[in-house]
Protein chains: 2
Amino acid sequence: MVTLKDISKATGVSVTQVSRALGGHGDVNAATREKVVEAAARLGYRPNAIAKGLKTGQTGFVAMVIPSDIDASGREIMFDMVVGISQAVSRHGLKFLLHVVDTAAQVPAAYDLLFQGGGIDGFILTDLHEPDPRVAYLQDRNMPFVVHGQYPERSHAFVDLDNFRVGEVLAGWLLDAGHRRILFLNGHDDRIYSSTRVAGVQHAFAVRGLNPGALDVAHGPMTRARGRDAALERLRRPDRPTAIVAGNMMLARGVWDAAAECGLRIPDDLSVTAHDDVLAQYPASGFDPIPSVTRSALPTAWAALADTVSRTIAGGEPEREIELLVPETVPGMSVAPPPSDESRG
Amino acid sequence: MVTLKDISKATGVSVTQVSRALGGHGDVNAATREKVVEAAARLGYRPNAIAKGLKTGQTGFVAMVIPSDIDASGREIMFDMVVGISQAVSRHGLKFLLHVVDTAAQVPAAYDLLFQGGGIDGFILTDLHEPDPRVAYLQDRNMPFVVHGQYPERSHAFVDLDNFRVGEVLAGWLLDAGHRRILFLNGHDDRIYSSTRVAGVQHAFAVRGLNPGALDVAHGPMTRARGRDAALERLRRPDRPTAIVAGNMMLARGVWDAAAECGLRIPDDLSVTAHDDVLAQYPASGFDPIPSVTRSALPTAWAALADTVSRTIAGGEPEREIELLVPETVPGMSVAPPPSDESRG
DNA sequence: TATCAAATCCGAAACGTTTCGGGTAATAGA
DNA sequence: TCTATTACCCGAAACGTTTCGGATTTGATA
């Protein structure tokens, strides 16, 4: 292994100056710097990450701890997320560490293990629950972390989609077309994004002077099968909803399935809006008609997450490092006025 | 952060002895050790992983580099693999590092980046191709690594399923029942396990004095859809196979689909054997009739991988650290003699 | 009592880096 | 000529750990 000392010997420049030259600090003559850089390249020098870490207290590792007992709907996208975040983090010259524990209860202990050993610069958290002990735990111990999602207090660094706006837009389209009996196929009820979206939907009712009494929110896993089942159950009722908001494209696909089974045409008999995460697994193509969606690429969020974690580690103030992503609104052909016999109901 | 020096001050024992006492070395009085251990616990001492790493040259990090451009069938199980390996590695007190690069071509550069920085003790490789540049690359540079799968030379540490035996058993059952026209639904043709299984199947023919001329090997992704399509195409030929070997349970499911579509009963009209990886995603339940399988839990292989990497890092000789897992053979009800009108064909 | 071995201990160096606190030489200004 | 400033440089300390080599104490033996 070639060290600074080797370069020092080879060039006759002191270790101090070699370090400065390579580190890009001032205080070193241009000619000297060039000589050092050349020698480093020639000898194949690579800085020793451990030694640097010992001195600076930073290792360039960003960790994410996940429990292995997540449910199937979480698994589906978890791999894309892990891959996406890992890639984004790599692009910042940081290294991504995935630590898997058996159950969610073991997560905090894993934070201790990784952080106190001194090997980790910061953590990334996703899939916030309500309440979620992880945030307070990390804040109490002064460990740097960034969250995908947010706590209402916003006292931590985070990146999040504007879920309030998602709910507002998706419901707004339907309300403006005249729908009142609306079904909202949402995610798990203990997820913060779920309740935020509900708030957005309710706000859409409120600003139009409408009572959201006829809003039916169905919480659960965001899968095609659940979307179909939940939609089917409602569509078979006499006072069936005339419109459905689907939380993601898989739920939307389930809605299309259910409509087909009931013989309902979209949008003539049933209007649908949905949120599109732009994931390869959840393609927005192949729908007929083209759905009206809010769109925000999850990979964009992951990249933003990496930006934020990089800045936070570098010493940014956590409360300042926040980013709220605004979804695109992409009207399609899946919204129409409610069928006349229904709108009177 | 509490260090050895703090414990030294608190106990009046030298840093040297504190280190030895905690490290479990001899050369330290029982009473002293007890005093030190007590103080360490009381002060909440946690060894600094970076400092230890600087001195010992080991960090406890095991890395896996994967390209993000793997195909869909690979993705399906990749997450389970990553989780399984990460968990297994954690249990050995090692930490798992996942590094994602864009394309397979960038993998070796990532090895350099991670290893030369001095932060990584060893690598885990999976999904071996033929040829695979990674093995030679790592061997040339003397980086410790363990492979899930094996190169024929066996000059490296590895854990692998005995795929030869898998092919031998699955084909043997069918041959012994009298089948001759056999379709083997295999994995991608550039994967080493695929060719090893083919060799096993051919060996099953050979030991019975049979010519494997009527063996039809179909290579491709190991998905349900591909299993169905490939099986269907063959089953509709006049000289259709009377038996099928499925490389995993998803392919098997596709075969069941195809048989149903063709109106063929299993095992009366069509015999099937398969290999079961015992993955939650690829359940072996819900088949009628119960298939005859070779069975080897992939999670077991991942655990063995962690054992092996742990020993290799600790200084084991790579060539010695090998483990060939023997599959269980679990006969079911999916094999019968070929239908009489077919067996003459 | 002198000698030796075993048990126990400790100082100091080392791992490779960064950085603090000067130091020297050249130049500019008085 | 003297002083102040600038540009460049270097030694040494420090991060927290492990470990080499030797020192000290103890107890037994001659």
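Only this structure's heavy atoms are used, side chains among them; waters, hydrogens and symmetry mates stay out. Numbers restart at 1 for each chain; the letters A, B, ... are given by sequence-line order, proteins then strands.
Two residues are said to be in side-chain contact when any heavy atoms from C-beta on lie closer than 4.5 Å; B:Val65 and B:Tyr111 meet this criterion. Using a 4.5 Å heavy-atom cutoff, the side chains of A:Lys95 and B:Leu113 are not in contact. Between B:Glu321 and B:Val146 the shortest side-chain heavy-atom distance does not fall below 4.5 Å. By the 4.5 Å heavy-atom criterion applied to side chains, B:Met81 and B:Leu298 are not counted as neighbours. With a 4.5 Å cut-off on side-chain heavy atoms, B:His148 and B:Ile124 do not count as touching. Using a 4.5 Å heavy-atom threshold, the side chains of B:Asp277 and B:Ile77 count as separate. B:Leu114 is listed as a side-chain neighbour of B:Phe123, based on a closest heavy-atom distance under 4.5 Å.
Sorted by first and then second residue, the ring-ring contact (aromatic ring centres under 6.0 Å, His included) pairs with a member in residues 82-102 of chain A form an empty list; sequence neighbours excluded. Sorted by first and then second residue, the pairs that involve residues 134-149 of chain B and meet salt bridge (charged side-chain N to carboxylate O under 4.0 Å, His left out), not counting sequence neighbours, are B:Asp112-B:Arg141, B:Asp132-B:Arg134.
Within a 6.0 Å radius of CD in B:Glu323, more than 12 heavy atoms belonging to other residues, nucleotides or ligands are found. For B:Glu38, the CD atom counts as densely surrounded, since its 6.0 Å shell holds more than 12 non-hydrogen atoms of other residues, nucleotides or ligands.
Distance NZ (A:Lys52) to P (C:dT19): 10 Å, rounded to an integer number of Å. A:Lys9 has its NZ atom 13 Å from the C1' atom of C:dG16, to the nearest Å. One interatomic measurement links the two molecules: CD of A:Gln58 to P of C:dT18, which rounds to 13 Å at whole-angstrom precision. Protein atom CD1 of B:Ile50 is 13 Å distant from nucleotide atom C1' of C:dG16, rounded to whole Å. One atom, CG of B:Leu4, and another, P of C:dG11, lie 14 Å apart when rounded to the nearest Å.
Contacts between residues 23-31 of chain A and DNA chain C, defined by a heavy-atom separation under 4.0 Å, are absent. For DNA chain D, the neighbouring residues in residues 15-22 of chain A, judged by any heavy atom under 4.0 Å, are A:Thr16, A:Gln17, A:Arg20.
Between the side chain of B:Ser90 and the backbone N or O of B:Ser86 there is at least one donor-acceptor pair closer than 3.5 Å.
A donor atom on one side chain and an acceptor atom on the other are not found under 3.5 Å apart for A:Thr32 and A:Gln17.
Where the helix from C:dT1-D:dA30 to C:dA30-D:dT1 starts and where it ends, the local axes point in directions that differ by 70°; five pairs per end, rounded to 10°.
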Under-3.5 Å N/O pairs linking protein and nucleotides 13-15 of chain C:
| unit_1 | atom_1 | unit_2 | atom_2 | d |
| --- | --- | --- | --- | --- |
| C:dA14 | N3 | B:Lys55 | NZ | 3.2 |

